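First up is the structure itself, then whatever we jot down about it.
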Amino acid sequence: MSKEESNELKAQSAGKESVELTKGKKRKRAGPQTGWSEKKGAGKLTKFDTAGKETTSTTPKEKTRIDGIKSKSDAEPPIERPEKLNKPKKPQVAPQATNSKFKPAQQARPKNKQTEGPRYSQQAQNVPPHLLKKRDELLPVRKSLPIWPQADVIKAALKTNNILVLTGETGSGKSTQLPQFLIDEPWCTKCIAITQPRKVAAISLARRVADEMGSFMGSQSPAAKVGYSVRFDNATGPSTKVKFLTEGMLLQEMLRNPAMSQYSAVVVDEVHERSVNVDLILGFLRNLVTGQESASARQHPLKVIVMSATADVGSLVKFFEDSQPSPTTEKPPGNPIDESTSLKQAEVASQAVASRISTCFVEGRQYPVKTVYLPQPTQDWVESALKIIFQLHYKEPMPGDILVFLTGQDTIEGLEKLINDYAEGMDKDVPKLLALPLFAALPQHAQQRIFEPAPFRTRKVILATNIAETSVTVPGVRFVIDCGKSKIKQFRNRLGLESLLVKPISKSAAIQRKGRAGREAPGQCYRLYTEDGYNTMDERTIPEILRCDLSQAILTMKARGVDDVLNFPFLDRPPREALEKALLQLLHLQALTETGSISETGLKISKFPLTPTLGRVLVEAAKPERDCLLDVIDIISALSVENVFLNLVTEERKEEAEEARRELYRREGDHLTLLVTVQRYAAEQTDRKIWCDKHFVSHRAMQTVMNVRKQLQQQCMQQKLLSKDDTQSELAPSEARSQAILACMLRGFISNTARMMPDGSYKTLMGNQTVAIHPSSVLFGRKVEAIVFNEFVFTGKAWARGVSVVQLDWVTEVVKAIM
DNA sequence: GAGCACTGC
């Protein structure tokens with residue numbers, strides 16, 4: 001085993017997160033061998049550092065070209081911006097800054113400030129020595145990060161401007177260092193929020209920053225300065241100054257506290273991944289900083305830092321700039337706008353003028369990766385991948401694992417089998433090959449295998465979906481094989497149907513995949529397409545907001561007081577048709593009134609971590625005439641996890657499972673079946689794991705179900721839909737109650753209903769689409785009058801999943817009522 | 001008698 005390998009292993013076993021998280025890097029850059037990688041979380045940076053030290057000869061000349069802050073206006077660098085344009089300043093020393101650290105430092109900036117230790121060192125009075133020791137050990141690592149020398153420039157920029165767009169390639173250290181740069185700034189009297197697209201990233205970053213600051217984490221101590229907040233896990237305390245949180249969490253907070261008065265700064269990280277949530281957050285923040293929304297009585301204006309790995313700074317800057325007076329056309333005070341507006345608006349305007357935008361670029365660290373294209377395009381990339389795997393295996397010295405990007409479980413399992421077959425015929429003196437599948441549906445313990453060391457003289461071949469593009473970092477990879485395709489979910493407005501299609505990836509995704517080969521050493525990337533093929537790819541992956549059902553996003557906007565959603569500041573504006581479709585759906589759900597404003601019901605729905613349809617079902621179940629809320633919570637909890645029932649492979653096991661689950665199945669359909677399953681699981685007092693094994697139910701899924709259930713019950717109590725006196729029934733529901741439950745489902749899923757045609761097929765009531773009951777349903781093959789279903793998916797054929805029997809006259813009744 | 005990329009509240 002090489003030094004690097006053993007370091008990697010040490011890091012893996014020492015780090016608490018065995019899955020290393022990275023940022024998605026979608027970058028517009030077709031240039032020569034560059035890629036991006038970033039170490040995050042405890043263990044990873046250490047590993048990088050160790051590896052770097054021990055392999056300095058092989059490390060490429062540190063690419064530390066760093067562009068400093070660039071002001072939008074060359075003639076007027078941000079640092080020299082006249083103070084008068086800013087909001088009236090509070091005294092330089094913040095109220096709680098009784099500590100000496102605040103005093104002179106902000107005024108006079110010594111030239112070589114970055115060589116000093118962190119200023120918060122004086123604060124560490126009640127901190128145990130081991131934390132301080134760790135902090136001091138980590139300081140040199142921090143100082144070696146490309147972003148470190150930029151600290152003063154960044155601080156100066158944010159002193160003058162309220163918005164900073166920071167593009168940092170991976171490995172620059174931006175996610176960990178930026179909050180530490182800002183924490184002692186005079187304007188930073190409250191907390192700094194840093195958003196992440198994934199939970200694991202939020203948690204591991206928080207751990208890392210706590211270590212670097214010599215602080216406790218979250219709830220460990222009331223003195224903890226660093227914390228995180230993700231669903232089901234809130235680790236923040238009264239002194240938390242740096243808080244990592246998932247995008248969804250920040251969005252929830254934005255609904256509860258629209259002015260964001262608990263924060264001095266919001267850092268939006270990984271913006272290039274462009275989740276729907278990020279798009280909403282950016283829109284809300286833009287409204288907030290430009291004073292279009294209620295201008296709050298803040299001490300200091302909210303600082304917004306947008307961080308991205310992409311090069312398209314331009315669109316981000318333009319996004320924030322558009323609403324602001326441009327620097328060149330700035331009007332002197334007393335201009336017509338100011339005169340005709342109220343005093344408050346004038347204040348807002350002056351704040352807007354001050355909210356100019358700084359930009360900053362920090363280069364990352366990455367080893368070079370050689371790209372090899374196919375000379376001719378191919379249809380059969382499984383075959384091509386197989387050939388290249390064995391070529392590499394014979395030709396390239398060990399160590400060096402191979403990562404193959406494929407589209408899904410089926411192709412992965414197919415290639416896995418082929419590799420194993422061919423590997424059997426290899427010469428005895430050739431090292432062995434170990435094929436390891438990696439996709440999200442794989443059980444956790446099977447996923448863990450990619451982190452385990454390969455046996456002696458064995459090369460790992462990891463066959464992965466795009467889970468390995470951003471969410472999981474596979475150690476030891478020197479070779480990447482990229483099929484150039486991925487499955488993409490697309491929402492079709494006209495049909496209200498989503499489909500999962502195999503499509504070519506974008507250039508930025510291809511670059512991202514390639515970068516996976518250059519994280520630990522120089523690498524190679526084999527693209528199973530031609531160079532022309534690459535050139536015809538889209539530059540960027542289409543943002544999620546342009547290809548998903550918008551009803552939840554729009555309800556969130558309405559709940560935050562955005563009345564005119566058609567004119568919401570979208571980074572990418574969805575087509576009008578998609579917006580209108582979503583508005584109509586919300587109207588059908590009675591989440592909106594006829595005039596388009598949010599209703600009482602809509603407000604309730606928006607507070608639940610559910611789609612509007614499921615939220616509507618929940619609200620319906622709380623009505624006295626329905627009176628089945630606890631049952632419906634159980635069902636919805638089960639619907640919000642992937643698969644409660646294990647997917648069996650062999651015929652034999654399938655039959656075994658059918659038999660074992662028979663006592664759970666209900667003839668009314670999948671919803672009542674799920675209810676019984678949750679009830680039985682919850683009632684199991686001895687060993688739930690054994691119960692799951694016995695019934696071929698996923699224990700992991702059921703644990704999540706129980707978490708969701710608890711959360712929904714709590715939220716229902718907060719919203720007064722449920723009282724403490726309501727008791728959970730442990731008995732399967734009566735006939736009458738079953739009917740009530742299905743009536744509630746129907747209220748939310750009225751557009752997902754179908755009736756049987758004379759030929760035995762099903763057609764939807766709204767849209768007249770043919771659908772078939774999915775084979776995973778307990779109703780598969782049954783012929784009933786009418787059905788209600790949760791999902792309408794197209795995979796070769798239109799399928800209804802999550803299906804229950806309903807009476808046709810109920811359906812027509814509800815349809816009539818809302819149309 | 002079919003199949004399901006990936007997040008997240």
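Computed from a predicted model, the values in this text were never measured in an experiment. Lettering follows sequence order; numbering is per chain, from 1.
By the side-chain contact (heavy atoms from CB on, under 4.5 Å) test, V641(A) is found to be paired with V644(A), A701(A), T704(A), V705(A), residues two or more places apart in sequence or in another chain being considered.
Atom C1' of nucleotide dG3(B) and atom CD1 of I412(A) are separated by 14 Å, given to the nearest angstrom. Across the protein-nucleic acid pair, K489(A) atom NZ and dT7(B) atom P stand 12 Å apart, rounded to whole Å. In this structure, the CD atom of E469(A) is 13 Å from the C1' atom of dT7(B), given to the nearest Å. Taking atom CG of D269(A) as the reference point, atom C1' of dT7(B) lies 15 Å away to the nearest angstrom. Look at CD on E247(A): it is 14 Å from P on dT7(B), rounded to the nearest Å. If you take NZ of K487(A) and P of dT7(B), they are 15 Å apart, rounded to a whole angstrom. Look at CD1 on I542(A): it is 21 Å from P on dT7(B), rounded to the nearest Å. One can place CG of D233(A) at 10 Å from P of dC9(B), the figure rounded to the nearest angstrom.
A salt bridge does not link K199(A) to D233(A): none of the charged side-chain nitrogens sits closer than 4.0 Å to a carboxylate oxygen. Between R661(A) and E656(A) no salt bridge is recorded (no basic side-chain N to carboxylate O distance below 4.0 Å).
Taking for each of L610(A) and G408(A) the nucleotide of DNA chain B with the nearest heavy atom, the 5'-most of the two is the partner of G408(A).
Looking at heavy-atom distances under 4.0 Å, I467(A) makes contact with sugar-phosphate atoms alone, never a base. Among the heavy atoms of the strands, none lies under 4.0 Å from N277(A). Looking at heavy-atom distances under 4.0 Å, T246(A) makes contact with sugar-phosphate atoms alone, never a base. Residue V230(A) is in sugar-phosphate contact alone, with no base atom involved, counting any heavy-atom pair closer than 4.0 Å across all strands shown. Residue K199(A) is classed as a sugar-phosphate contact, given heavy-atom separations below 4.0 Å to backbone atoms only. S275(A) comes within 4.0 angstrom of no nucleic acid atom, judged by non-hydrogen atoms across all strands. The residue Q409(A) sits close only to the backbone: its heavy atoms come under 4.0 Å of sugar-phosphate atoms, none of a base.
OP1 and OP2 of dT7(B) both lie 4.0 Å or more from every side-chain N or O belonging to T470(A). Close to dG3(B), at under 4.0 Å from its OP1 or OP2, lies a side-chain N or O of W799(A).
Of the candidates dG8(B), dC9(B), dC6(B), the closest approach to any side-chain atom of R198(A) belongs to dG8(B).
More than 12 heavy-atom neighbours from other residues, nucleotides or ligands sit within 6.0 angstrom of NZ on K487(A).
Taking the six-membered ring where the residue is Trp, Y529(A) and Y534(A) present parallel rings, their angle staying beneath 30° rather than reaching 60°.
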